[in-house]
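All chains are named by letter (A, B, ...) in the order of the sequence lines, taking the proteins before the strands, and each is independently numbered beginning at 1.
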There are 2 protein chains.
Amino acid sequence: MLTKYSVAEENYIKSIFHLQEGGALSTGALSGALNTKPASATDMLKKLKEKKLISWSPYKSIQLTAKGKKLALDIIRRHRLWEFFLSEKLHFEWDEVHAIAEELEHVSSKKLIDKLDAYLHFPQVDPHGDPIPDAQGKMPHQEQLRLAQAPLNKPLRVVAVASQEIKLLELLKHFDIKLGTMIEVIKRFDFDESIEVKVGKNKTLHLSEAITKSLIVK
Amino acid sequence: MLTKYSVAEENYIKSIFHLQEGGALSTGALSGALNTKPASATDMLKKLKEKKLISWSPYKSIQLTAKGKKLALDIIRRHRLWEFFLSEKLHFEWDEVHAIAEELEHVSSKKLIDKLDAYLHFPQVDPHGDPIPDAQGKMPHQEQLRLAQAPLNKPLRVVAVASQEIKLLELLKHFDIKLGTMIEVIKRFDFDESIEVKVGKNKTLHLSEAITKSLIVK
DNA sequence: AATTTATTTTAGGCAAATCTAAATTTATTT
DNA sequence: AAATAAATTTAGATTTGCCTAAAATAAATT
Ligand SMILES: [Mn+2]
Ligand SMILES: [Mn+2]
Ligand SMILES: [Mn+2]
Ligand SMILES: [Mn+2]
């Protein structure tokens, strides 16, 4: 049970977990997310199947096994705890933590992560508002109301962003939108699915469809 | 200049640095320290030479270049800062920090290490009493008086241990000897180079040659 | 239903880091 | 100064993770 996995294996497992949330998971999408080629993904799928982390056969769909899901949640736990540490203690910016956590998440000591968790006072969400699985791999389910689907004229709080893309985070920083920011939808434009919002007290912004789909509010 | 090195390369460079402190450096000693075989060390020496981190030719001696030494000091900086963090903030024991830092030291972000340094208030020594190189790679030179060579009847402070071997650290923990512990040499026994010491106020211990050579005092 | 296009898998290769076994060189004894 | 022993290097393999190009399969069009 104390099996160790390689950095590559862990990155694949985590990506599979994230991508299959969003429905179907193709070899192409998987390799795309990992900056590899489809042929490489196929190689890895064979190995992950061998290790009973996924179920898959040539041309058939990819599913995490219970074992694979458990591993994925553990990696996500490490990733998000390190992100929280980087943001909260070392004062890194929103858009800088992800890349560093991508490396730190592979340091494997269980004791390290549990002590880090305690040191940070068991945070519930990472700096992007994403929930942090606990030591048993339980992850609180989060409502996924996108700003794109939100009702008009109702004050909403930004609780998460749907992507960690640096370009998105930069843009949000420019607009001064972060976790906790209050937003109200004023008007929808069917032409391009853009919307006009009120941010904070007095500022009015015009947000593209891409942005409204990336903001998760409550 | 933003060259990235592999985990294996970094481990070799660090070991070469440490081992050549203690005089001559053989391929066998190097591979021994890294738990590999001499043939593997030779392979790596070729690569490190190629990258101008060491000077070496078949059967000739191994020397770090200026570039190699700089890299070594940078890795040692990362290693010792993480050790300090693990000990000071996460309350790991003396003998647990080394193995984890061995992994953390390879996370490459310069900004991460400098922010960590600041967060820890620029510590001067790691939990084993070893000096931490600064951001420019300067490492304060440390007096290396071994308890084995120390004068009789003089109160001495333990400032470092010469090895991170778990077995040694366990033994020291058993004797309740740590950094800062005051020790006084009472008597030497030529028979086996062992010594009798007074530790703290009232306790008297008999220490083997292996231990007296591993304790650095001031 | 047949054809074309897109996706995925297989085949064959390469670089990194390791190994064992054999060859070479250096060091130590007689 | 040989002979023997020890250390080191080379030769040849293996595993992991990736690649390109070709083959196989599935999906979309005509
Ligand atoms: Mn990663
Ligand atoms: Mn995150
Ligand atoms: Mn290491
Ligand atoms: Mn140390």
Side-chain angles (χ1 to χ4, degrees), chain A residues 3-17 19-20 22-64 68 71-72 75 102-103 105-108, chain B residues 3-17 19-20 22-64 68 71-72 75 102-103 105-108:
Chain A
T3 339
K4 272 274 291 163
Y5 299 99
S6 71
V7 169
E9 288 167 341
E10 289 192 345
N11 283 336
Y12 270 94
I13 286 294
K14 190 167 58 119
S15 278
I16 292 170
F17 181 93
L19 292 171
Q20 76 182 6
L25 204 191
S26 70
T27 304
L30 182 56
S31 62
L34 288 152
N35 277 301
T36 58
K37 295 294 145 79
S40 307
T42 302
D43 286 346
M44 184 58 84
L45 290 175
K46 286 176 191 166
K47 197 182 349 163
L48 297 178
K49 182 191 185 173
E50 200 65 39
K51 300 193 174 182
K52 306 204 190 293
L53 293 167
I54 64 166
S55 65
W56 166 87
S57 310
Y59 300 104
K60 271 192 46 213
S61 77
I62 305 164
Q63 295 289 137
L64 285 178
L71 175 58
I75 302 163
E102 202 56 52
E103 290 190 53
E105 70 187 357
H106 303 292
V107 175
S108 53
Chain B
T3 340
K4 274 274 291 162
Y5 298 98
S6 71
V7 169
E9 287 167 341
E10 289 192 347
N11 283 336
Y12 270 94
I13 286 294
K14 190 167 58 118
S15 279
I16 292 169
F17 182 93
L19 292 171
Q20 76 181 7
L25 204 191
S26 69
T27 304
L30 182 56
S31 64
L34 288 152
N35 277 302
T36 58
K37 295 293 146 77
S40 309
T42 302
D43 286 346
M44 183 58 84
L45 290 174
K46 286 177 191 165
K47 197 181 350 162
L48 297 178
K49 182 190 185 175
E50 201 63 40
K51 300 193 174 181
K52 305 206 190 292
L53 294 167
I54 63 167
S55 65
W56 167 87
S57 310
Y59 300 104
K60 270 193 44 214
S61 78
I62 305 163
Q63 296 289 135
L64 285 178
L71 176 58
I75 302 163
E102 201 58 50
E103 289 190 54
E105 70 188 357
H106 304 292
V107 175
S108 54

_side chain to side chain donor-acceptor pair (under 3.5 Å) partners of A:Gln20, counting only residues at least two apart_ =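 None.
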Without decimals, in angstroms, what is the distance between A:Asn35 CG and D:dC19 C1'?
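Answer to the nearest Å: 14 Å.
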Here the distance between atom P of C:dA16 and atom NZ of B:Lys4, to the nearest Å, is 15 Å
Discussion item. Take N1-N3 plus N6-O4 or O6-N4 for Watson-Crick, N1-O2 plus O6-N3 for G-U, both under 3.5 Å. Which runs of 3 or more such pairs involve DNA chain C?
Written reply: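 Ordered by first number, the stems with DNA chain C (at least 3 consecutive pairs each) read C:1-30 with D:1-30.
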Show every donor-acceptor pair shorter than 3.5 Å between a side-chain atom in residues 26-36 of chain A and any protein atom, with sequence neighbours excluded, or say none if there are none.
| from | atom 1 | to | atom 2 | distance (Å) |
| --- | --- | --- | --- | --- |
| A:Ser26 | OG | A:Ala29 | N | 3.0 |
| A:Ser31 | OG | A:Thr27 | O | 3.2 |
| A:Ser31 | OG | A:Gly28 | O | 3.0 |
| A:Thr36 | OG1 | A:Tyr12 | OH | 3.2 |

With a 4.0 Å cutoff (strictly under), does any side-chain N or O of B:Lys37 reach OP1 or OP2 of C:dT18? no
Contact check, residues 5-16 of chain B vs DNA chain D, heavy-atom distance under 4.0 Å, returns none
In terms of heavy-atom contacts, B:Leu25 and B:Ile62 come closest through O-CD1, 3.8 Å
Nearest heavy-atom approach of A:Gly68 to A:Ile13 is O-CG2, 3.7 Å
Run the side-chain contact (heavy atoms from CB on, under 4.5 Å) test against [X] and tell me which residues pass, sequence neighbours left out.
X	answer
A:Ser6	A:Ala8, A:Glu9
B:Ser61	B:Gln63
A:Glu10	A:Tyr5, A:Ile75, A:Arg78, A:His106

Side chains of A:Lys60 and A:Ser55: closer than 4.5 Å at any heavy-atom pair?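 A side-chain contact is absent here, since even the closest heavy-atom pair is not under 4.5 Å.
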State, yes or no, whether a side-chain contact exists between A:Glu103 and A:Val7 at a heavy-atom distance under 4.5 Å.
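Of all side-chain heavy-atom pairs linking A:Val7 with A:Glu103, none is under 4.5 Å.
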Handout entry: Option among B:Leu64, B:Thr3, B:Leu53 that satisfies the side-chain contact (heavy atoms from CB on, under 4.5 Å) test with B:Leu71
Key =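 Of the listed options, the one satisfying the test is B:Leu53.
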Please list, for nucleotides 8-11 of chain D, all pairs of protein and nucleotide N/O atoms separated by less than 3.5 Å.
| from | atom 1 | to | atom 2 | distance (Å) |
| --- | --- | --- | --- | --- |
| D:dT8 | OP1 | B:Thr27 | N | 3.4 |
| D:dT8 | OP2 | B:Gly28 | N | 2.9 |
| D:dT8 | O2 | B:Tyr59 | OH | 3.4 |
| D:dT9 | OP1 | B:Trp56 | NE1 | 3.1 |
| D:dT9 | OP1 | B:Tyr59 | N | 2.9 |
| D:dT9 | OP2 | B:Thr27 | OG1 | 2.9 |
| D:dT9 | OP2 | B:Thr42 | OG1 | 2.8 |
| D:dT9 | O4' | B:Tyr59 | OH | 3.4 |
| D:dT10 | OP2 | B:Lys46 | NZ | 3.0 |

